[in-house]
There are 2 protein chains.
Amino acid sequence: MPLRRQPPPAALLTSPEDTEAQFYEALQSGDIERLMSVWGDDEEIACVHPGGPRLVGAAAIRSSFEKIFATGGVPVTPEQVHRLHTMTTAVHHLAERITIHTAEGTQTAWVLATNVYLKTEQGWRLVVHHASPGSVGEPPPVMGEPPSLLH
Amino acid sequence: MPLRRQPPPAALLTSPEDTEAQFYEALQSGDIERLMSVWGDDEEIACVHPGGPRLVGAAAIRSSFEKIFATGGVPVTPEQVHRLHTMTTAVHHLAERITIHTAEGTQTAWVLATNVYLKTEQGWRLVVHHASPGSVGEPPPVMGEPPSLLH
């Protein structure tokens with residue numbers, strides 16, 4: 001039986017969590033091809049970077065990330081992820097922790113993000129990434145969250 | 001045959017456009033009950049006001065809009081609406097025009113918003129409203145949009 005080549009990991013996208021993990025891994029490593037592979041095949045996919053304009057469509061989104069990756073990957077990790085799932089849609093809202101090492105020490109900036117994933121024939125795909133400035137230092141509060149929340 | 005009382009308009013929500021229209025009408029009129037009636041019945045519904053924290057759940061969202069409405073409705077109209085629809089999900093991203101009349105004249109501020117609607121047994125319901133500061137004066141550019149776009 002011949003060896004069969006495994007499909008590349010980016011093609012799996014078997015769950016919203018898988019797609020989200022690949023999105024942030026691609027951001028961290030500055031891998032533009034992997035980053036673009038998680039987006040849906042729709043001309044209305046949209047992206048808002050913190051404080052930035054609205055980017056619509058793959059070409060505009062790709063161009064913005066190419067500029068960001070010109071200085072390398074982004075040291076970002078998703079935290080405080082809240083999920084709202086149906087059979088075909090996943091809405092995640094979360095805080096992105098961005099860690100910056102400077103001569104004065106390590107600084108942490110937080111970004112609030114909404115990520116929307118749709119289930120397609122090509123797996124779960126990102127269709128919206130909307131990010132806006134959160135806070136610096138302490139993580140941004142989540143209003144309405146029970147104080148004992150463990151997830 | 002007895003007269004039957006009509007259900008209130010807010011209970012219809014027959015399309016994402018209907019739900020979105022009611023959301024902005026409620027914002028304009030400062031009608032907290034109508035505003036809350038368009039939201040989905042899920043504890044993970046979420047709202048981010050421009051520059052604000054993450055609000056999760058109906059109680060936190062209601063409280064934030066009650067504070068906003070304490071000084072009246074919000075002179076906001078949705079424009080430049082982009083839509084990404086499936087059978088059960090609608091993702092809208094748009095620019096909110098906020099018109100402020102001052103002694104120095106009329107000023108226009110723009111907010112970038114992502115609204116996500118899910119089709120439920122109670123009609124199309126809002127589950128996420130994520131808004132972030134756009135621009136003042138001129139409408140914010142939409143990068144990637146064809147120059148001749150008419151919608």
Side-chain angles (χ1 to χ4, degrees), chain A residues 40 42-64 80-95 110-120 127-135 139-146 149 151, chain B residues 40 42-64 80-95 110-120 127-135 139-146 149 151:
Chain A
D42 190 296
E43 63 184 23
E44 296 290 2
I45 59 173
C47 179
V48 178
H49 295 296
R54 198 153 48 125
L55 308 164
V56 178
I61 294 171
R62 184 186 186 99
S63 173
S64 75
Q80 303 174 352
V81 183
H82 283 242
R83 297 171 179 84
L84 200 157
H85 284 192
T86 71
M87 292 291 283
T88 55
T89 304
V91 180
H92 290 192
H93 43 97
L94 52 93
W110 297 87
V111 165
L112 301 181
T114 298
N115 296 328
V116 182
Y117 305 91
L118 297 183
K119 190 177 186 181
T120 74
V127 296
V128 164
H129 172 68
H130 187 149
S132 50
S135 55
V142 181
M143 313 301 287
E145 196 172 57
L149 195 81
H151 69 253
Chain B
D42 190 296
E43 63 184 23
E44 295 291 0
I45 59 174
C47 179
V48 178
H49 295 296
R54 197 153 49 125
L55 308 164
V56 178
I61 293 171
R62 184 187 186 100
S63 173
S64 76
Q80 304 174 349
V81 182
H82 284 242
R83 297 171 178 84
L84 199 157
H85 284 191
T86 71
M87 292 291 284
T88 54
T89 304
V91 180
H92 289 193
H93 42 98
L94 52 94
W110 298 85
V111 166
L112 302 180
T114 298
N115 297 327
V116 182
Y117 305 92
L118 298 182
K119 190 176 186 182
T120 74
V127 296
V128 165
H129 172 68
H130 187 149
S132 50
S135 55
V142 181
M143 312 301 286
E145 195 172 57
L149 194 81
H151 69 253

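Order of the sequence lines fixes the chain letters, A, B, ..., with proteins taken first and strands second; residue numbering starts at 1 for each chain.
Residue contact with chain B, scored on non-hydrogen atoms closer than 4.5 Å, involves the backbone and the side chain of A:Pro141 alike. Looking at B:Val91, the atoms closer than 4.5 Å to chain A (heavy atoms on both sides) all sit in the side chain, from C-beta outward. Neither the backbone nor the side chain of B:Ala58 has a heavy atom closer than 4.5 Å to any heavy atom of chain A. Looking at B:Leu118, only its side chain comes within 4.5 Å of chain A, counting heavy atoms on both sides.
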Begin from the C-alpha positions of B:Ser132 and A:Ser132 and carry the test side chain to side chain donor-acceptor pair (under 3.5 Å) through to its verdict. CA-CA 6 Å; B:Ser132 50; A:Ser132 50; 4.9 Å; no
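Between chain A and the residues B:Val127, B:Val128, B:Thr114, the most heavy-atom pairs under 4.5 angstrom are made by B:Thr114. Per-residue counts of heavy-atom pairs under 4.5 Å with chain A were compared for B:Val116, B:Val48, B:Val142, B:Ile61; the largest is that of B:Val142.
The two residues B:Ala60 and A:Gly144 have their closest heavy-atom pair at CB-CA, 3.7 Å. Annotation for B:Val56 and A:His82: closest pair CG1-ND1, 3.8 Å, computed over non-hydrogen atoms. Across every non-hydrogen atom of B:Met143 and A:Pro53, the tightest pair is CG-CG, 3.8 Å. Of all heavy-atom pairs between A:Ile45 and B:Leu84, the closest is N-CD1, 4.0 Å.
A side-chain donor-acceptor contact under 3.5 Å links A:His93 to the backbone of B:Glu44.
The line from OG1 of B:Thr89 to CE of A:Met87 is 12.0 Å long, rounded to the nearest 0.5 Å. For the atom pair B:His85 NE2 and A:Asp42 CG, the distance stands at 10.5 Å (nearest 0.5 Å). For the atom pair OG1 of B:Thr86 and NZ of A:Lys119, the computed distance is 12.5 Å after rounding to the nearest 0.5 Å.
Under the salt bridge (charged side-chain N to carboxylate O under 4.0 Å, His left out) criterion, the residue pairs touching residues 45-62 of chain A are A:Glu33-A:Arg62, A:Arg62-A:Glu66, with sequence neighbours excluded.
Considering only residues two or more places apart in sequence or on other chains, B:Thr88 meets the side chain to side chain donor-acceptor pair (under 3.5 Å) condition with A:Thr88.
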